[in-house]
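Proteins get letters first, then strands, A, B, ... in listed order; numbering begins at 1 in each.
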Protein chains: 2
Amino acid sequence: MSRNANSGAPAPEGGWLDGEQQRAWLAYIRVQLRLTYEMNRQLQSDDDLSLPDYDVLTALSVADGGLMPITVLAAQIGWERSRVSHHVRRMAKRELVSCSPSANDRRVTEVSLTQHGRKVLEAAALGHVELVRRLFFDGLPRELVGPLSQALESVYANIIAQGTLPPPVDWRPPRGE
Amino acid sequence: MSRNANSGAPAPEGGWLDGEQQRAWLAYIRVQLRLTYEMNRQLQSDDDLSLPDYDVLTALSVADGGLMPITVLAAQIGWERSRVSHHVRRMAKRELVSCSPSANDRRVTEVSLTQHGRKVLEAAALGHVELVRRLFFDGLPRELVGPLSQALESVYANIIAQGTLPPPVDWRPPRGE
DNA sequence: AAAGTATAGGTGACATGTCACGCAATGCCA
DNA sequence: TGGCATTGCGTGACATGTCACCTATACTTT
């Protein structure tokens, strides 16, 4: 087990991950693949929404005034801007969101939740949350919820720091170190 | 559906997740979205492989004889069979894998790693693992690796039990570990 | 053995995601 | 004020993923 302290050089350099890390990584990948698939499927068949649709609606629903520039939205949900651009156009065609140019800065397109979009989201949230609880939390022992959060939050902070996408607007690195 | 195993009834029934769960879920979603994006991007630009390509190659590389029926492959990596079918056809066009009918059961298509495919995978693995270490494990305190594995393995077992996709062929429900 | 059922896989239409690139509005500065 | 880089987005071409449905082969029953 833990033969090495933290961020020294615990891994076989230039090679693989060590045993413990490999176990964690395999578990992560497996969960990720199936969970994404299942969520997509449930939303699609129950609510006629894709998981990406749902991500967009959720982000907008918690935004101030249910309204957000495309760039900000992209940073919130970790997408490229062009992906957001394509996607909101399609969603606008389905009346889930609407896009309008900002008066302030005329380069900016503000994406907002429509009445219909909000209703669809509220309807979908129930089933989605139920699925998440059933697939994810029903399998997760109570005492591991905290450590899991801590672990993933650490990882997230690191991804923000090291990755190529900009952080969400409200992001601040967790407690000093 | 399964009854609530936690006698404390911590979750608002039919409603949202409780506070701790919400925290875990938000962390999970954030990590998932960005990490997937970054992995895809790195493989694409460094090795001319998509993340799905990599998943397929990896699964085949650990298979007995580097060879696997489509259905088995699909179960291993948590895809639908038709997705695998489409994808391996494209990969075959790029000489990364090859498909041939099984002599045993003539419904079966065996997918196998080509020499070229194996070389490409080996070349890509270095950079990919490096990225995983940098983005994921460099941000993860040593002492949380174990709990994280445990948590995700529990979740995975539950997803297998509750989900719609078949388990991998070598999967057995975890017994006290 | 004929008929019915289950299983492996493929296909076509369509939605989605990515990349490279383009345009227009803005900011900067000599 | 006239360049010139920067920023916010959109677009087109193409790769990818999903669903509904199809065929062929194997298995089971009668």
Sugar-phosphate, base or nothing in reach of A/N40, heavy atoms under 4.0 Å: nothing
Donor-acceptor pair under 3.5 Å, B/H86 side chain vs D/dT18 base: yes
Touch class at under 4.0 angstrom, heavy-atom based, for B/S85 against every strand present: base
B/Y37 OH to D/dT16 C1', straight-line distance once rounded to whole Å: 16 Å
A/P69, nearest nucleotide to its side chain (from C/dT18, C/dG10, D/dC9): D/dC9
Rounded distance in Å - CG (B/L51) to P (D/dG17): 9 Å
Rounded interatomic separation in angstrom, taking CG from B/L43 and P from C/dT18: 14 Å
Sugar-phosphate only, base, or nothing, as touched by A/R81 at under 4.0 Å among non-hydrogen atoms: base
Candidates C/dA8, D/dC19, C/dT18 - which lies nearest the side chain of A/E80: C/dT18
Audit row: B/Q32, B/T36, side chain to side chain donor-acceptor pair (under 3.5 Å) steps and yes/no: CA-CA 6 Å; B/Q32 195 274 111; B/T36 301; 3.1 Å; yes
Whole-Å distance separating the CZ atom of A/R106 from the P atom of C/dG27: 12 Å
Whichever of B/Q44 and A/Q44 has its nearest DNA chain D nucleotide further upstream toward 5': B/Q44
Between C1' of C/dT16 and CG of A/D53, the distance in whole Å: 10 Å
Rounded distance in Å - CG (B/D105) to P (C/dT7): 12 Å
B/H128 and B/Y54 aromatic ring geometry - parallel, tilted or perpendicular at 30°/60° bounds: tilted
Under-3.5 Å donor-acceptor pair between B/R107 side chain and C/dT7 base: yes
Interatomic distance where CE belongs to B/M68 and P belongs to C/dA8 [whole Å]: 15 Å
Nucleotide nearest A/R90 (side chain, heavy atoms from C-beta), chosen from C/dT16, D/dG10, C/dA25: C/dT16
Base of D/dT16 paired with side chain of B/H87 (donor-acceptor, under 3.5 Å): no
Distance-only donor-acceptor check, side chains A/D55 and A/T58, under 3.5 Å: no
A/H86 and A/R89 side chains, donor-acceptor separation under 3.5 Å: yes
Minimum heavy-atom distance between B/H87 and B/V56, given as atom pair plus value: CD2-CG2, 4.4 Å
Minimum-distance nucleotide (side-chain atoms of A/R83 versus C/dT18, D/dT16, D/dC19): C/dT18
Protein-nucleotide distance (B/W79, atom CH2; C/dG10, atom C1'), rounded to Å: 16 Å
A/R94 side chain, from C-beta outward: closest of C/dA25, C/dC19, C/dT16: C/dT16
4.5 Å side-chain heavy-atom contact, B/L57 and B/M91: yes
Nearest-neighbour nucleotide for the A/T109 side chain, C/dC19, D/dT18, D/dG10 considered: D/dG10
Closest-nucleotide 5' rank along DNA chain D - winner of A/R41 and A/T71: A/T71
Distance-only donor-acceptor test (3.5 Å): side chain A/S82, base D/dC9: no
